[in-house]
Engineer: 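Sharing a structure with you now.
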Amino acid sequence: MPVAKPVSSDGRVIAHIDMDCFYVQVEQRKHPELRGLPTAVVQYNSWKGGALIAVGYEARALGIKRSMRGEEAKAVCPQIHLVQVPVARGKADLNSYREAGSEVVSILARMGRCERASIDEVYLDLTDAAETMLSETPPESLEIIDDEALKSHILGLKHEDGSDMKENVKGWLRRSDADHREKLLACGVLIVADLRMQVLQETQFTCSAGISHNKMLSKLASAMNKPAQQTVVPCSSVQGLLESLPIKKMKQLGGKLGSSLQSDLEVNFVGDLLQFSEQKLQECYGINTGTWLWNIARGISGEEVEGRLLTKSHGSGKTFPGPRALKTLHSVQHWLNQLCEELSERLQTDLDQNRRIAHTLTLHARAYMSSDSDSHKKFPSKSCPLRYGTTKMQEDAMNLFQAGLREYLGPFEVKMQGNKKNGWGITGLSVSAGKISDIPSGTSSIMRYFQGHDRLCSPSKLAKEKFELEAPCSFSENESNSTLDIIEHTKLPEEEATVNNESSDLESMEHKTSTNSLEVPFYSSMSSLKKADFSQETPLSFSGRESHLEPKLTDLQSKVSSKESTFEPGRPASEQQVKRNALRDKGTPSLLRFFRRVDPSCSIQSQVLAQSSDDTNIRSSLENNNSIHGDSLSEDVQRREMWQYNVDEIDPSVIDELPSEIQEEVRAWLRPQKRQANSARRSVGIADYFSRNKKL
DNA sequence: ACGGGTGAGACA
DNA sequence: TTGTCTCAC
């Protein structure tokens with residue numbers, strides 16, 4: 001539910017950019033032969049041809065809908081091209097779409113504060129850019145306006161028969177009798193048109209956009225004219241828009257709240273809310289929601305565009321519907337392993353590319369208990385401190401699951417044992433990593449410094465202490481064994497067969513491969529699994545996104561500087577001509593030159609592409625931080641210790657005793673850092689570590 | 001219990 | 001704070 005916020009008189013220019021049937025576009029770029037053909041993206045081809053998760057516009061025109069199954073789509077339209085979502089580790093792998101989304105974000109973020117709202121949606125605050133344009137080259141002074149901008153839709157602009165629409169739009173954009181805010185919107189229209197063309201040029205993706213004074217109206221507008229079009233909402237047309245807007249179309253009102261408005265207050269259109277006082281709405285729906293409703297009825301939304309280019313969490317999950325429900329601990333373990341593998345990989349990528357680390361691991365599951373009426377009970381989600389490294393994540397996730405299962409089973413735990421039918425099943429599993437924070441810069445060189453000095457310190461002792469403090473969700477051996485025993489012993493062979501028959505190949509294989517580990521206590525079986533995929537903990541090499549984006553940025557720079565020169569009157573004409581010629585094929589003039597001063601905190605460079613030659617150090621220091629034996633004094637072992645100390649406990653005076661060349665860096669490292677409460681509890685204290693070094 | 005896999009945010 | 005719940009694409 002949205003929270004009402006005080007509203008600044010809205011002179012902002014906010015854009016919402018929405019990629020058109022994004023997954024389809026990504027697949028069509030990958031398979032150019034599909035361009036222009038009716039195409040849909042489908043996942044899990046096994047059951048009724050899989051589910052459609054994105055439908056191209058050519059296919060929509062032929063009656064294909066998102067809710068269809070693959071087979072259904074084929075029946076409706078035999079010539080449809082169905083592309084499958086990539087599969088990795090037995091589950092859908094959305095990474096290629098995430099990466100494509102990042103490409104788009106890196107372009108859109110050039111012009112102002114940018115918020116990545118979803119994998120294919122972005123909000124932009126273009127206020128500053130628009131103000132700058134308005135003061136330097138207001139639209140009314142422009143002799144030529146780009147065609148893309150002229151194709152914009154202006155909500156409420158009446159169109160007389162016979163008149164040229166583009167002339168109409170041009171008139172609106174350049175009209176001098178508009179107030180300041182509307183002129184800003186006109187600038188926004190030009191800027192967004194330009195951005196969309198840049199996106200198309202550099203990614204081959206089309207998008208639609210909405211431009212208005214706040215997020216809510218822009219979001220509405222972007223959906224009005226699709227695909228590959230943009231719509232602006234002038235103040236004057238807000239009331240008319242909301243009057244006839246079905247309440248459920250409003251973001252946040254598509255669910256229960258919207259239904260309750262319809263049934264309880266007989267509000268069917270957003271405008272119907274106008275008849276209720278703010279107080280009345282607050283009485284019905286609470287103080288925050290009430291105020292929010294009162295505001296949106298008037299087209300008011302103070303929500304800020306967050307400057308955030310990266311997600312706040314990563315998750316990996318899978319459902320196991322109906323007959324595919326997981327019925328053994330072992331199959332749960334198998335899938336948790338798969339999910340954690342993917343999650344771990346994505347966390348490593350985030351670390352490599354953005355220098356961020358996640359601090360909590362959360363497990364979600366859905367389960368049913370057929371045996372009893374209590375089947376409505378929900379499987380509790382559980383979380384613990386996140387440890388980097390695939391096998392550790394797998395181990396922790398399994399422990400979280402068992403904790404949840406014990407709670408879920410509760411009093412039935414014993415009863416389950418005697419049941420012939422194992423009365424429970426897992427229909428959904430997911431692991432996610434949250435509480436992501438930036439790694440302070442400069443850290444890795446500090447670690448390098450310590451590599452050369454702390455060899456004298458015993459890492460084995462430190463490491464062992466750390467392990468004991470860190471071990472998440474520590475269960476007594478009794479507890480974990482009894483849970484395991486109950487579950488395993490109640491499993492019947494025939495059920496196993498049932499599961500195998502109806503489950504995927506991957507899952508069947510898993511049942512055949514390792515039955516041994518089921519016979520031994522839980523922790524032992526874990527460690528035997530650990531050995532098998534240890535190789536997967538070796539650092540990943542850079543690939544894909546970086547090599548893909550890096551040259552693009554370079555391209556951009558040259559492009560920008562070229563464009564810049566076109567606008568500089570001081571340059572010799574011949575030089576300008578040369579650059580113009582070089583750009584001729586690229587076409588449209590860019591507005592980039594107005595906006596050299598992009599907020600560095602929003603720059604894609606710092607948030608998406610930030611790289612350093614020290615990344616390898618960081619990566620390896622987070623991994624393997626659990627080799628408790630200390631028999632190898634590798635540099636990794638040394639470095640990894642650094643991450644476990646509680647910055648809060650550092651006596652500032654120790655910094656003075658450090659070599660002068662790293663003092664400043666250490667201070668910078670400590671200063672802005674906010675610590676997680678639970679990591680503070682279990683950390684050793686870097687001061688101890690320092691003093692150890694001093695003594696030796 | 002096939003609208004999947006993911007994300008964000010509010011609330012207790 | 002954790003865990004639950006809602007909402008959205």
Side-chain angles (χ1 to χ4, degrees), chain A residues 1-4 16 18-23 41-44 46-55 65-70 72 84-88 91-95 97-98 101 115-123 219 222-223 248-260 285-289 292 303 306 308 310-325 339 342-343 346 359-368 370 375 377-385 400 403-404 407 425-436 676-678 681:
Chain A
M1 249 143 297
V3 160
H16 179 254
D18 195 330
M19 303 308 293
D20 306 317
C21 54
F22 191 45
Y23 292 6
V41 173
V42 70
Q43 85 183 355
Y44 297 144
S46 48
W47 195 71
K48 292 192 177 179
L52 271 54
I53 59 172
V55 181
K65 290 175 184 171
R66 218 180 329 232
S67 57
M68 289 177 174
R69 315 289 316 184
E72 204 178 341
Q84 281 183 260
V85 173
V87 172
K91 66 179 288 299
D93 176 12
L94 305 182
N95 273 323
Y97 309 127
R98 289 191 189 95
E115 174 182 334
R116 193 173 188 174
S118 78
I119 199 166
D120 66 344
E121 278 177 289
V122 156
Y123 287 99
K219 166 83 178 163
S222 69
K248 292 236 164 197
K249 297 284 186 188
M250 177 68 65
K251 184 169 169 175
Q252 299 297 332
L253 297 181
K256 297 183 178 180
L257 181 55
S259 299
S260 135
Y285 301 103
I287 175 113
N288 282 324
T289 303
W292 179 80
E303 231 183 314
E306 307 285 331
R308 183 176 54 75
L310 304 170
T311 65
K312 294 178 171 179
S313 65
H314 300 288
S316 175
K318 180 168 173 57
T319 56
F320 309 94
R324 295 196 184 189
L339 298 176
E342 185 194 325
L343 182 60
R346 283 164 59 191
H359 291 281
T360 56
L361 176 72
T362 305
L363 176 131
H364 297 272
R366 276 179 28 222
Y368 68 81
S370 59
S375 63
K377 189 171 172 185
K378 296 201 167 166
F379 197 100
S381 61
K382 294 286 166 196
S383 55
C384 72
L400 291 175
E407 198 175 312
I426 300 299
T427 56
L429 280 177
S430 86
V431 290
S432 58
K435 301 239 170 78
I436 302 182
Q676 304 295 334
N678 50 6
R681 232 177 286 122

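A quick note: this is a predicted structure, and the numbers were derived from the prediction, not measured. All chains are named by letter (A, B, ...) in the order of the sequence lines, taking the proteins before the strands, and each is independently numbered beginning at 1.
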Engineer: Under 4.0 Å from OP1 or OP2 of B/dA8: is there any side-chain N or O of A/S313 that close?
Structural biologist: yes
Engineer: Salt-bridged, A/E72 to A/K48, with N to O below 4.0 Å?
Structural biologist: no
Engineer: What integer distance in Å separates A/R366:CZ from C/dT4:P?
Structural biologist: 14 Å
Engineer: Within the pair A/K251 and B/dG9, is there a side-chain N or O less than 4.0 Å away from OP1 or OP2?
Structural biologist: no
Engineer: Would you kindly give the CE-to-C1' distance between A/M19 and C/dA8, to the nearest whole Å?
Structural biologist: 18 Å
Engineer: When you measure from the side-chain N and O atoms of A/R308 to the phosphate of B/dA8, is any distance below 4.0 Å, counting only OP1 and OP2?
Structural biologist: yes
Engineer: Contact class for A/P380 vs. all strands (heavy atom < 4.0 Å): base, sugar-phosphate, or nothing?
Structural biologist: sugar-phosphate
Engineer: Reckon A/N288 has a side-chain N or O less than 4.0 Å from the OP1 or OP2 of B/dC11?
Structural biologist: yes
Engineer: Between B/dG3 and A/Y44, is there an OP1 or OP2 to side-chain N/O distance shorter than 4.0 Å?
Structural biologist: no
Engineer: A/Y44 ring centre to A/K318 NZ or CZ under 6.0 Å, with the angle to the axis within 45°?
Structural biologist: yes
Engineer: Describe the nucleic acid contact of A/K248 in one word from base, sugar-phosphate, nothing, applying a heavy-atom distance below 4.0 Å.
Structural biologist: nothing
Engineer: Looking at every strand, decide which applies to A/L52 at a 4.0 Å heavy-atom threshold: base, sugar-phosphate, or nothing.
Structural biologist: nothing
Engineer: Does A/T319 have a side-chain nitrogen or oxygen under 4.0 Å from the phosphate oxygens OP1 or OP2 of B/dG5?
Structural biologist: yes
Engineer: So, is A/K382 close to the C/dT1 phosphate, meaning a side-chain N or O under 4.0 Å from OP1 or OP2?
Structural biologist: no
Engineer: Using a 4.0 Å heavy-atom cut-off, does A/E115 contact any base of the nucleic acid, only the sugar-phosphate backbone, or nothing at all?
Structural biologist: nothing
Engineer: Return the CG to CG distance between A/L361 and A/L343, rounded to the nearest 0.5 Å.
Structural biologist: 6.5 Å
Engineer: Using a 4.0 Å heavy-atom cut-off, does A/F22 contact any base of the nucleic acid, only the sugar-phosphate backbone, or nothing at all?
Structural biologist: nothing
Engineer: Could you state the atom-to-atom distance from CD of A/Q84 to P of B/dG4 in whole Å?
Structural biologist: 16 Å
Engineer: To the nearest 0.5 Å, how far apart are CZ in A/R116 and CG in A/L310?
Structural biologist: 7.5 Å
Engineer: Find the distance A/K435:NZ to B/dA8:C1' and express it as a whole number of Å.
Structural biologist: 15 Å
Engineer: Any side-chain donor paired with an acceptor under 3.5 Å for A/K248 and A/S259?
Structural biologist: yes
Engineer: Within the structure shown, what part of the strands sits under 4.0 Å from A/K312 by heavy-atom distance: base, sugar-phosphate, or nothing?
Structural biologist: sugar-phosphate
Engineer: Name the nucleic acid region contacted by A/S67, choosing base, sugar-phosphate or nothing; use a 4.0 angstrom heavy-atom cut-off, strictly under.
Structural biologist: nothing
Engineer: Atom CD1 of A/I119 to atom P of C/dC9: distance rounded to whole Å?
Structural biologist: 14 Å
Engineer: Run the side chain to side chain contact (heavy atoms under 4.5 Å, CB included) test against A/K312 and tell me which residues pass, sequence neighbours left out.
Structural biologist: A/R308
Engineer: So, does A/S430 get its side chain near the phosphate of B/dG5, meaning an N or O under 4.0 Å from OP1 or OP2?
Structural biologist: no
Engineer: Would you indicate what A/S316 reaches in the nucleic acid, counting non-hydrogen atoms under 4.0 angstrom: base, sugar-phosphate, or nothing?
Structural biologist: sugar-phosphate
Engineer: Round to a whole Å and report the spacing from CG of A/L94 to P of B/dG4.
Structural biologist: 13 Å
Engineer: If you check every side-chain atom of A/T311, which of B/dA1, C/dC9, B/dA8 has the closest atom?
Structural biologist: B/dA8
Engineer: Please tell me which of the listed nucleotides, B/dT6, C/dC5, B/dA1, lies nearest to the side chain of A/K91?
Structural biologist: B/dT6
Engineer: Is any side-chain nitrogen or oxygen of A/S381 closer than 4.0 Å to OP1 or OP2 of C/dT4?
Structural biologist: yes
Engineer: Rounded to the Å, how far apart are A/R116 CZ and C/dA8 C1'?
Structural biologist: 16 Å
Engineer: Look at the side-chain N and O atoms of A/K378 and state whether any lies under 4.0 Å from the OP1 or OP2 oxygen of C/dC5.
Structural biologist: yes
Engineer: Are OP1 or OP2 of B/dG5 and a side-chain N or O of A/R98 less than 4.0 angstrom apart?
Structural biologist: no
Engineer: Separation of A/R346 atom CZ from B/dG7 atom C1', in whole Å?
Structural biologist: 10 Å
